[in-house]
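Have a look at the structure below before the remarks.
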Amino acid sequence: MKRILSGIQPSGRPHLGNYLGAMRQHIEMQKDYECYLFIADLHALTTVKDPAKMRQQTLDIALAYLALGLDPAKTVFFKQSDLSEHAELCWILDCLATMPFLERAHAWKDAQQKGKKEITVGLFNYPILQAADILLYQPDLVPVGQDQKQHIEMTRDLATTFNHSFGETFKIPEPQIKEEVAIVPGTDGQKMSKSYSNTIDIFAPEAELKKQVMGIITDSTALEDPKDPETCTVYKLYKLLATPAETKALAAKYKAGNFGYGDAKKILLAKILDHFSSARTRYNKLKEDESSIWKILDNGAIRAKKIAGTTLDEVKVRVGYRSSYNKMTAHFSVEHID
Ligand code: TRP
(Lines give C-alpha, C1' and ligand atoms only; values in the text may rest on other atoms or scores of the structure.)
Protein backbone atom coordinates (compact mmCIF):
# COMPACT_ATOMS: atom_id res chain seq x y z
CA MET A 1 0.00 0.00 0.00
CA LYS A 2 1.38 3.39 -0.94
CA ARG A 3 2.03 5.85 1.84
CA ILE A 4 0.85 9.45 1.75
CA LEU A 5 1.60 12.32 4.06
CA SER A 6 0.27 15.82 4.30
CA GLY A 7 0.29 18.72 6.72
CA ILE A 8 -2.25 21.44 7.37
CA GLN A 9 -1.84 24.78 9.05
CA PRO A 10 -4.09 25.24 12.08
CA SER A 11 -5.92 28.23 10.67
CA GLY A 12 -9.11 27.81 12.69
CA ARG A 13 -12.53 26.56 11.68
CA PRO A 14 -12.18 25.56 8.05
CA HIS A 15 -14.41 26.91 5.28
CA LEU A 16 -15.77 25.36 2.12
CA GLY A 17 -12.61 26.32 0.23
CA ASN A 18 -10.40 24.45 2.70
CA TYR A 19 -12.68 21.46 2.48
CA LEU A 20 -12.82 21.30 -1.32
CA GLY A 21 -9.23 22.34 -1.80
CA ALA A 22 -7.56 19.84 0.49
CA MET A 23 -9.53 18.28 3.33
CA ARG A 24 -11.87 16.20 1.20
CA GLN A 25 -8.91 14.72 -0.61
CA HIS A 26 -7.08 13.93 2.63
CA ILE A 27 -10.09 12.14 4.05
CA GLU A 28 -10.90 10.17 0.90
CA MET A 29 -7.36 8.89 0.66
CA GLN A 30 -7.54 6.92 3.88
CA LYS A 31 -9.48 4.27 1.96
CA ASP A 32 -6.67 3.43 -0.43
CA TYR A 33 -3.43 4.54 1.21
CA GLU A 34 -1.48 4.35 4.40
CA CYS A 35 -2.09 7.91 5.59
CA TYR A 36 -0.23 10.34 7.79
CA LEU A 37 -1.77 13.72 8.42
CA PHE A 38 -0.48 16.30 10.83
CA ILE A 39 -1.33 19.76 12.07
CA ALA A 40 1.60 22.03 11.22
CA ASP A 41 1.67 23.97 14.48
CA LEU A 42 5.44 24.56 14.31
CA HIS A 43 4.91 26.31 11.00
CA ALA A 44 1.98 28.21 12.47
CA LEU A 45 4.27 29.92 14.96
CA THR A 46 5.62 31.96 12.04
CA THR A 47 2.32 33.84 12.16
CA VAL A 48 0.36 32.93 15.32
CA LYS A 49 2.00 34.46 18.39
CA ASP A 50 -0.92 34.11 20.78
CA PRO A 51 -1.03 30.88 22.84
CA ALA A 52 -4.81 30.83 23.30
CA LYS A 53 -5.27 31.29 19.57
CA MET A 54 -2.73 28.57 18.79
CA ARG A 55 -4.57 26.15 21.05
CA GLN A 56 -8.02 27.06 19.74
CA GLN A 57 -7.09 26.94 16.07
CA THR A 58 -5.41 23.58 16.53
CA LEU A 59 -8.49 22.23 18.25
CA ASP A 60 -10.78 23.67 15.57
CA ILE A 61 -8.96 22.08 12.68
CA ALA A 62 -8.70 18.70 14.43
CA LEU A 63 -12.38 18.82 15.30
CA ALA A 64 -13.33 19.65 11.72
CA TYR A 65 -11.30 16.79 10.25
CA LEU A 66 -12.80 14.30 12.67
CA ALA A 67 -16.31 15.59 12.01
CA LEU A 68 -15.77 15.37 8.26
CA GLY A 69 -14.89 11.70 8.48
CA LEU A 70 -11.20 11.39 9.17
CA ASP A 71 -10.84 8.05 10.94
CA PRO A 72 -7.95 8.10 13.43
CA ALA A 73 -7.79 4.31 13.29
CA LYS A 74 -6.92 4.54 9.59
CA THR A 75 -5.09 7.85 9.33
CA VAL A 76 -2.25 8.59 11.72
CA PHE A 77 -3.42 12.04 12.82
CA PHE A 78 -1.12 14.12 15.03
CA LYS A 79 0.42 17.48 15.67
CA GLN A 80 3.90 18.34 14.52
CA SER A 81 5.03 19.93 17.80
CA ASP A 82 4.61 16.60 19.63
CA LEU A 83 7.58 15.12 17.76
CA SER A 84 10.99 16.65 18.29
CA GLU A 85 12.15 14.76 15.18
CA HIS A 86 10.73 17.46 12.89
CA ALA A 87 12.89 20.23 14.33
CA GLU A 88 15.92 17.94 14.58
CA LEU A 89 15.85 16.86 10.96
CA CYS A 90 15.17 20.46 9.99
CA TRP A 91 18.51 21.45 11.48
CA ILE A 92 20.38 18.72 9.67
CA LEU A 93 18.81 19.78 6.36
CA ASP A 94 19.59 23.41 7.21
CA CYS A 95 23.22 22.48 7.04
CA LEU A 96 22.80 21.22 3.46
CA ALA A 97 20.66 24.06 2.11
CA THR A 98 22.26 27.25 0.82
CA MET A 99 20.92 30.76 1.26
CA PRO A 100 20.29 31.27 -2.49
CA PHE A 101 18.30 28.01 -2.54
CA LEU A 102 15.95 29.41 0.12
CA GLU A 103 15.85 32.85 -1.45
CA ARG A 104 14.11 31.33 -4.46
CA ALA A 105 11.05 30.42 -2.35
CA HIS A 106 7.87 32.25 -3.41
CA ALA A 107 6.71 33.00 0.14
CA TRP A 108 10.04 34.62 0.98
CA LYS A 109 10.12 36.61 -2.25
CA ASP A 110 6.57 37.85 -1.67
CA ALA A 111 7.42 38.95 1.86
CA GLN A 112 10.45 40.80 0.55
CA GLN A 113 8.58 42.46 -2.29
CA LYS A 114 5.92 43.63 0.11
CA GLY A 115 8.74 45.34 1.92
CA LYS A 116 8.23 43.45 5.18
CA LYS A 117 11.11 44.38 7.40
CA GLU A 118 10.80 41.97 10.29
CA ILE A 119 10.92 38.66 8.44
CA THR A 120 11.82 35.96 10.94
CA VAL A 121 14.36 33.22 10.43
CA GLY A 122 11.44 30.84 10.95
CA LEU A 123 9.63 32.19 7.92
CA PHE A 124 12.77 32.06 5.83
CA ASN A 125 13.37 28.51 6.93
CA TYR A 126 9.76 27.41 6.45
CA PRO A 127 10.48 25.24 3.38
CA ILE A 128 13.22 23.29 5.14
CA LEU A 129 10.98 22.43 8.06
CA GLN A 130 8.39 21.31 5.53
CA ALA A 131 11.00 19.11 3.84
CA ALA A 132 11.82 17.57 7.23
CA ASP A 133 8.10 16.96 7.87
CA ILE A 134 7.83 15.05 4.66
CA LEU A 135 11.10 13.12 4.55
CA LEU A 136 10.75 11.73 8.08
CA TYR A 137 7.81 9.61 6.94
CA GLN A 138 9.26 8.37 3.62
CA PRO A 139 5.95 8.90 1.79
CA ASP A 140 5.33 8.00 -1.84
CA LEU A 141 2.94 10.89 -2.37
CA VAL A 142 2.26 14.30 -0.87
CA PRO A 143 -1.20 15.66 -1.68
CA VAL A 144 -1.11 19.46 -1.62
CA GLY A 145 -2.61 22.53 -3.24
CA GLN A 146 -1.02 24.20 -6.25
CA ASP A 147 0.57 26.82 -3.96
CA GLN A 148 2.69 24.14 -2.29
CA LYS A 149 4.24 22.77 -5.45
CA GLN A 150 7.49 24.63 -4.98
CA HIS A 151 7.85 23.35 -1.42
CA ILE A 152 7.63 19.78 -2.66
CA GLU A 153 10.21 20.48 -5.35
CA MET A 154 12.53 21.90 -2.69
CA THR A 155 11.93 18.80 -0.57
CA ARG A 156 12.91 16.58 -3.49
CA ASP A 157 16.06 18.64 -4.06
CA LEU A 158 17.08 18.41 -0.40
CA ALA A 159 16.42 14.67 -0.26
CA THR A 160 18.56 14.18 -3.37
CA THR A 161 21.37 16.28 -1.92
CA PHE A 162 21.31 14.31 1.33
CA ASN A 163 21.23 10.98 -0.50
CA HIS A 164 24.21 12.02 -2.62
CA SER A 165 26.22 13.21 0.34
CA PHE A 166 25.45 10.47 2.84
CA GLY A 167 24.03 7.53 0.88
CA GLU A 168 20.48 6.49 -0.07
CA THR A 169 18.34 7.39 2.92
CA PHE A 170 15.24 9.25 1.78
CA LYS A 171 12.56 8.25 -0.68
CA ILE A 172 12.01 11.04 -3.21
CA PRO A 173 8.32 11.96 -2.78
CA GLU A 174 5.92 12.89 -5.58
CA PRO A 175 3.49 15.79 -5.23
CA GLN A 176 -0.14 15.02 -5.90
CA ILE A 177 -1.97 18.14 -7.01
CA LYS A 178 -5.65 18.01 -7.81
CA GLU A 179 -5.88 20.66 -10.50
CA GLU A 180 -9.63 21.02 -10.93
CA VAL A 181 -10.36 22.10 -7.37
CA ALA A 182 -7.26 24.23 -7.03
CA ILE A 183 -9.31 27.42 -6.90
CA VAL A 184 -12.61 27.57 -5.04
CA PRO A 185 -14.37 30.91 -5.55
CA GLY A 186 -15.52 32.84 -2.51
CA THR A 187 -18.76 34.79 -2.15
CA ASP A 188 -17.25 37.75 -4.05
CA GLY A 189 -15.85 35.63 -6.87
CA GLN A 190 -12.20 35.89 -5.79
CA LYS A 191 -10.44 32.83 -4.39
CA MET A 192 -12.14 31.79 -1.13
CA SER A 193 -9.93 32.85 1.74
CA LYS A 194 -10.30 34.10 5.30
CA SER A 195 -8.19 37.11 4.43
CA TYR A 196 -10.76 38.26 1.84
CA SER A 197 -13.73 37.70 4.22
CA ASN A 198 -15.55 35.85 1.44
CA THR A 199 -15.85 32.40 2.98
CA ILE A 200 -18.68 29.94 3.35
CA ASP A 201 -18.33 28.45 6.80
CA ILE A 202 -19.56 24.85 6.64
CA PHE A 203 -19.88 24.51 10.41
CA ALA A 204 -21.62 27.84 11.06
CA PRO A 205 -25.15 27.81 12.50
CA GLU A 206 -27.72 27.45 9.71
CA ALA A 207 -28.87 31.09 9.76
CA GLU A 208 -25.32 32.33 9.35
CA LEU A 209 -24.56 29.87 6.58
CA LYS A 210 -27.71 30.99 4.78
CA LYS A 211 -26.62 34.61 5.03
CA GLN A 212 -23.28 33.78 3.47
CA VAL A 213 -24.78 31.85 0.54
CA MET A 214 -27.48 34.45 -0.12
CA GLY A 215 -24.76 37.09 -0.10
CA ILE A 216 -22.84 35.59 -3.04
CA ILE A 217 -22.24 38.32 -5.59
CA THR A 218 -23.86 37.73 -8.99
CA ASP A 219 -24.32 39.89 -12.11
CA SER A 220 -27.43 41.91 -12.88
CA THR A 221 -28.99 39.75 -15.62
CA ALA A 222 -32.78 40.03 -15.31
CA LEU A 223 -34.73 37.13 -13.85
CA GLU A 224 -36.40 36.19 -17.14
CA ASP A 225 -33.21 36.29 -19.23
CA PRO A 226 -31.05 33.23 -19.91
CA LYS A 227 -27.83 33.17 -17.91
CA ASP A 228 -24.35 31.82 -18.43
CA PRO A 229 -23.67 29.27 -15.65
CA GLU A 230 -19.93 29.15 -16.29
CA THR A 231 -19.40 32.75 -15.16
CA CYS A 232 -21.55 32.44 -12.04
CA THR A 233 -20.01 31.79 -8.61
CA VAL A 234 -23.17 30.06 -7.35
CA TYR A 235 -22.98 27.55 -10.18
CA LYS A 236 -19.23 27.05 -9.79
CA LEU A 237 -19.65 26.18 -6.12
CA TYR A 238 -22.60 23.90 -6.83
CA LYS A 239 -20.57 22.06 -9.43
CA LEU A 240 -17.92 21.26 -6.82
CA LEU A 241 -20.43 19.49 -4.57
CA ALA A 242 -23.08 18.08 -6.90
CA THR A 243 -23.05 15.03 -9.19
CA PRO A 244 -22.48 15.63 -12.92
CA ALA A 245 -26.19 14.98 -13.61
CA GLU A 246 -27.28 17.52 -10.98
CA THR A 247 -24.81 20.03 -12.35
CA LYS A 248 -26.14 19.58 -15.86
CA ALA A 249 -29.69 20.07 -14.65
CA LEU A 250 -28.75 23.36 -12.95
CA ALA A 251 -26.93 24.56 -16.07
CA ALA A 252 -30.08 23.88 -18.11
CA LYS A 253 -32.11 26.05 -15.71
CA TYR A 254 -29.66 28.92 -16.08
CA LYS A 255 -29.83 28.74 -19.86
CA ALA A 256 -33.62 28.45 -20.04
CA GLY A 257 -34.27 31.81 -18.35
CA ASN A 258 -36.98 32.65 -15.82
CA PHE A 259 -34.62 31.37 -13.20
CA GLY A 260 -33.11 33.93 -10.85
CA TYR A 261 -29.86 33.92 -8.94
CA GLY A 262 -31.91 33.79 -5.73
CA ASP A 263 -33.33 30.43 -6.89
CA ALA A 264 -29.85 29.16 -7.68
CA LYS A 265 -28.62 30.21 -4.24
CA LYS A 266 -31.44 28.31 -2.56
CA ILE A 267 -30.47 25.19 -4.48
CA LEU A 268 -26.83 25.67 -3.49
CA LEU A 269 -27.70 26.17 0.18
CA ALA A 270 -29.82 23.00 0.22
CA LYS A 271 -26.93 21.12 -1.37
CA ILE A 272 -24.44 22.38 1.23
CA LEU A 273 -26.75 21.53 4.13
CA ASP A 274 -27.42 18.09 2.71
CA HIS A 275 -23.77 17.38 1.92
CA PHE A 276 -22.56 18.37 5.39
CA SER A 277 -25.56 17.21 7.38
CA SER A 278 -23.88 14.31 9.21
CA ALA A 279 -20.58 16.21 9.53
CA ARG A 280 -22.39 19.13 11.17
CA THR A 281 -24.11 16.80 13.63
CA ARG A 282 -20.81 15.10 14.50
CA TYR A 283 -19.11 18.49 14.83
CA ASN A 284 -21.58 19.72 17.43
CA LYS A 285 -21.32 16.49 19.39
CA LEU A 286 -17.50 16.29 19.37
CA LYS A 287 -17.25 19.93 20.37
CA GLU A 288 -18.67 18.98 23.75
CA ASP A 289 -15.77 16.58 24.40
CA GLU A 290 -12.58 18.52 23.84
CA SER A 291 -10.37 16.11 25.77
CA SER A 292 -11.21 13.24 23.44
CA ILE A 293 -9.77 15.27 20.56
CA TRP A 294 -6.48 15.92 22.35
CA LYS A 295 -6.32 12.23 23.21
CA ILE A 296 -6.69 11.26 19.54
CA LEU A 297 -3.81 13.58 18.63
CA ASP A 298 -1.65 12.18 21.47
CA ASN A 299 -2.22 8.65 20.23
CA GLY A 300 -1.41 9.73 16.70
CA ALA A 301 1.89 11.21 17.89
CA ILE A 302 2.87 7.89 19.48
CA ARG A 303 2.21 6.07 16.21
CA ALA A 304 3.97 8.76 14.16
CA LYS A 305 7.02 8.60 16.40
CA LYS A 306 7.65 5.00 15.44
CA ILE A 307 8.37 5.90 11.88
CA ALA A 308 9.80 9.40 12.34
CA GLY A 309 12.11 8.05 15.05
CA THR A 310 13.31 5.24 12.80
CA THR A 311 14.10 7.63 9.95
CA LEU A 312 15.91 10.09 12.20
CA ASP A 313 17.88 7.22 13.69
CA GLU A 314 19.00 6.23 10.24
CA VAL A 315 19.90 9.84 9.45
CA LYS A 316 22.00 10.08 12.61
CA VAL A 317 23.92 7.00 11.64
CA ARG A 318 24.44 8.37 8.10
CA VAL A 319 25.71 11.71 9.37
CA GLY A 320 28.02 10.05 11.87
CA TYR A 321 26.29 10.94 15.14
CA ARG A 322 25.71 7.29 15.97
CA SER A 323 27.00 3.99 14.79
CA SER A 324 24.61 1.45 13.37
CA TYR A 325 24.92 -0.86 16.41
CA ASN A 326 24.13 2.00 18.72
CA LYS A 327 20.76 3.26 17.56
CA MET A 328 18.60 5.56 19.57
CA THR A 329 16.37 2.96 21.24
CA ALA A 330 19.32 0.95 22.50
CA HIS A 331 21.21 4.04 23.54
CA PHE A 332 18.45 5.41 25.73
CA SER A 333 17.20 2.19 27.27
CA VAL A 334 16.77 2.22 31.04
CA GLU A 335 19.42 -0.48 31.43
CA HIS A 336 21.96 1.70 29.72
CA ILE A 337 21.26 4.73 31.90
CA ASP A 338 21.48 2.62 35.09
N1 TRP B 1 2.92 24.57 4.05
C2 TRP B 1 1.72 23.77 4.04
C3 TRP B 1 0.52 24.71 3.83
O4 TRP B 1 0.58 25.87 4.18
C5 TRP B 1 1.52 22.99 5.30
C6 TRP B 1 2.57 21.96 5.48
C7 TRP B 1 3.56 21.96 6.42
C8 TRP B 1 2.71 20.76 4.72
N9 TRP B 1 4.30 20.84 6.31
C10 TRP B 1 3.82 20.07 5.29
C11 TRP B 1 2.00 20.20 3.63
C12 TRP B 1 4.27 18.85 4.76
C13 TRP B 1 2.45 18.97 3.13
C14 TRP B 1 3.55 18.31 3.69
O15 TRP B 1 -0.48 24.27 3.33
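Read the numbers this way: they start at 1 and go in the same order the structure lists the ligands and their atoms. Position 1 is the first residue of the sequence; numbering continues from there. Being a predicted model, the structure only gives us computed values, none of them experimental.
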- request: Looking only at distances, please establish whether an N/O atom of ligand 1 is found under 3.5 Å from an N/O atom of Q148.
  value: yes
message: Quick test: of every protein heavy atom, which one is nearest to atom 8 (C) of ligand 1, and how far off is it to 0.1 Å?
response: Q130 NE2, 3.5 Å
field: Side chain, backbone, both or neither: I134 near ligand 1, heavy atoms under 4.0 Å
entry: side chain
field: Atom indices of ligand 1, in the order listed, that fall short of 4.0 Å to a heavy atom of Q9
entry: 4 (O)
- prompt: For ligand 1, does Q80 get within less than 4.0 Å through its side chain, its backbone, both, or neither, judged by non-hydrogen atoms?
  reply: neither
message: Checking the side chain of N163 only, and the main-chain atoms of F170 only, is there a donor and an acceptor separated by less than 3.5 Å?
response: yes
Any donor-acceptor pair under 3.5 Å from R280 side chain to A204 backbone: yes
task: Run the salt-bridge test on E34 and K2 with the 4.0 Å N-O cut-off and return the result as yes or no.
output: no
task: Check each of L129, I128, L123 against N125 using the side-chain contact (heavy atoms from CB on, under 4.5 Å) test, and report the only one that passes.
output: I128
- prompt: Any idea which atoms of ligand 1 are less than 4.0 Å away from a heavy-atom of A40?
  reply: 7 (C)
field: Minimum-distance protein heavy atom relative to atom 9 (N) of ligand 1
entry: D133 OD2, 2.7 Å
query: Can you list the atoms of ligand 1 that are under 4.0 Å from a heavy atom of H43?
result: 7 (C), 9 (N)
- prompt: Got a donor-acceptor contact below 3.5 angstrom from the D188 side chain to the N198 backbone?
  reply: no
task: Give the contacting part of D147 toward ligand 1: side chain, backbone, both or neither, where contact means a heavy-atom distance below 4.0 Å.
output: neither
More than 12 heavy atoms from other groups under 6.0 Å of NZ on K210: no
task: Would you verify whether the NZ or CZ of K227 falls within 45 degrees of the ring axis of Y261 while also being under 6.0 Å from that six-membered ring's centre?
output: yes
task: Among all protein heavy atoms, pick the one closest to atom 4 (O) of ligand 1 and tell me residue, atom and distance.
output: Y126 OH, 3.3 Å
- prompt: Hey, is CD on E206 packed in by over 12 heavy atoms from elsewhere, all under 6.0 Å?
  reply: no
query: How far is atom 13 (C) of ligand 1 from its nearest protein heavy atom, and which residue and atom is that?
result: G7 N, 3.4 Å
field: N/O separation below 3.5 Å, H151 to ligand 1
entry: no
